[in-house]
Amino acid sequence: MGLTDSASVRDMDMPPTLLSESEIQSRVDELASEIDATYADTEMLVLIGVLKGSFIFLSDLARRLKVPHRVEFIAVSSYGAKESEHADPVRLLMDVRHGIDGEDVLLVEDIVDTGHTLAYLKRLFAAHEPNSVRTCTLLHKPDRTEQEVPIDFLGFTIPDVWVVGYGLDYAERHRTLPYIGELPPEMR
Ligand code: 5GP
């Protein structure tokens with residue numbers, strides 16, 4: 001197989017674009033301005049990124065913020081179908097390193113799907129008695145909502161499709177694409 005052939009095989013492997021790199025970048029600019037305006041009087045904002053999906057969004061967002069901030073990460077996993085009778089469908093795998101009592105906290109998610117993860121995290125962090133807890137997500141699929149949770153800063157509303165790229169994966173693939181693609185069932 002020649003070079004051209006292998007390049008076209010690779011292209012066929014690329015998920016079709018839902019949101020282009022430039023659309024994402026300009027929306028992240030706008031989100032950073034909204035967040036700066038909301039926290040204009042805050043001495044130190046605590047950004048908490050939810051691993052792994054939010055790591056690219058959070059790093060782009062954080063580098064645009066003018067408000068002083070520190071970055072924390074947490075990791076969660078969803079319970080599988082077998083454990084679905086469990087009261088909480090989400091489990092904390094890694095907690096923040098430093099306490100957040102009295103702090104202004106902004107939870108940064110890649111995508112809100114059913115809403116269970118964000119609802120769980122809001123409850124979890126509210127119990128630590130921070131000064132405030134707000135939520136920021138790049139993507140939201142309202143058609144999939146099972147649990148309503150307020151989103152204070154939202155990038156894009158998208159239809160009920162599986163998306164990859166810009167931090168989001170499918171079985172660890174496509175995470176570092178610079179755009180957000182829609183992964184059709186035949187590509188899974
Ligand atoms: P929720 O608890 O809102 O149902 O799910 C949130 C998590 O599900 C996200 O943080 C993400 O890990 C995963 N998720 C939901 N929809 C998608 C999607 O379209 N693509 C990817 N890559 N992950 C998704």
Side-chain angles (χ1 to χ4, degrees), residues 12-21 23-25 27-28 31 35 46-62 71-96 100 105-127 133-188:
M12 282 169 54
D13 213 27
M14 300 294 273
T17 304
L18 185 70
L19 296 164
S20 70
E21 187 174 0
E23 281 176 286
I24 297 168
Q25 293 302 325
R27 190 69 192 115
V28 175
L31 285 173
I35 293 168
V46 185
L47 299 170
I48 303 184
V50 186
L51 291 174
K52 297 179 190 172
S54 74
F55 84 110
I56 293 179
F57 173 43
L58 177 57
S59 70
D60 278 352
L61 185 69
V71 175
E72 296 270 353
F73 283 103
I74 53 167
V76 293
S77 84
S78 303
Y79 283 104
K82 269 189 258 161
E83 295 151 300
S84 58
E85 72 280 1
H86 201 279
D88 239 321
V90 185
R91 189 166 35 137
L92 190 67
L93 298 179
M94 187 183 91
D95 206 346
V96 291
I100 54 158
V105 170
L106 181 61
L107 283 169
V108 181
E109 261 278 31
D110 49 355
I111 185 164
V112 175
D113 186 37
T114 62
H116 290 305
T117 306
L118 205 55
Y120 165 81
L121 291 174
K122 255 202 117 168
R123 277 201 307 280
L124 182 79
F125 286 112
V133 186
R134 289 192 179 88
T135 57
C136 173
T137 182
L138 182 66
L139 306 172
H140 181 216
K141 288 187 202 171
D143 296 346
R144 297 259 310 155
T145 302
E146 288 177 14
Q147 201 165 358
E148 293 282 353
V149 53
I151 299 169
D152 299 289
F153 305 96
L154 169 64
F156 302 93
T157 296
I158 61 163
D160 180 12
V161 293
W162 192 264
V163 286
V164 292
Y166 200 66
L168 292 138
D169 74 317
Y170 177 72
E172 294 302 325
R173 293 197 62 214
H174 306 299
R175 219 187 261 290
T176 53
L177 285 176
Y179 65 93
I180 289 175
E182 172 184 344
L183 201 69
E186 64 273 16
M187 286 180 77
R188 294 180 201 166

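Note that ligands are numbered from 1 as they come in the structure, with each ligand's atoms numbered from 1 the same way.
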Per-atom contacts, ligand 1 versus [X] - under 4.0 Å to a heavy atom:
| X | result |
| --- | --- |
| Asp169 | 21 (C), 22 (N) |
| His116 | 2 (O), 3 (O) |
| Val161 | 19 (O) |

Non-hydrogen atoms of [X] versus ligand 1: any pair closer than 4.0 Å?
| X | value |
| --- | --- |
| Asp110 | yes |
| Arg144 | no |
| Leu183 | no |
| Gly115 | yes |
| Tyr170 | no |

Subject >> More than 12 heavy atoms from other groups under 6.0 Å of NZ on Lys52 >> reply: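 Atom NZ in Lys52 is not crowded, with 12 or fewer foreign heavy atoms closer than 6.0 Å.
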Original post:
Any protein heavy atom under 4.0 Å from atom 8 (O) of ligand 1?
Top reply: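 Within 4.0 Å: no protein heavy atom nearby.
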Looking only at protein heavy atoms, which one is nearest to [atom], and what is the separation?
| atom | result |
| --- | --- |
| atom 20 (N) of ligand 1 | Val163 O, 2.7 Å |
| atom 2 (O) of ligand 1 | Thr117 OG1, 2.5 Å |
| atom 1 (P) of ligand 1 | Thr114 OG1, 3.3 Å |
| atom 13 (C) of ligand 1 | Ile111 CG2, 4.2 Å |
| atom 21 (C) of ligand 1 | Trp162 CZ2, 3.1 Å |
| atom 16 (N) of ligand 1 | Lys141 NZ, 3.2 Å |

Original post:
Any side-chain heavy-atom pair from Val96 and Val46 closer than 4.5 angstrom?
Top reply: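 No; the side chains remain at least 4.5 Å from each other.
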**OP:** Can you see which heavy atom on Leu183 is nearest to which on Val164, and at what distance?
**Re:** CD2-CG1, 4.2 Å
**OP:** Could you see which bit of Glu146 sits under 4.0 Å from ligand 1, with heavy atoms only: side chain, backbone, both or neither?
**Re:** neither
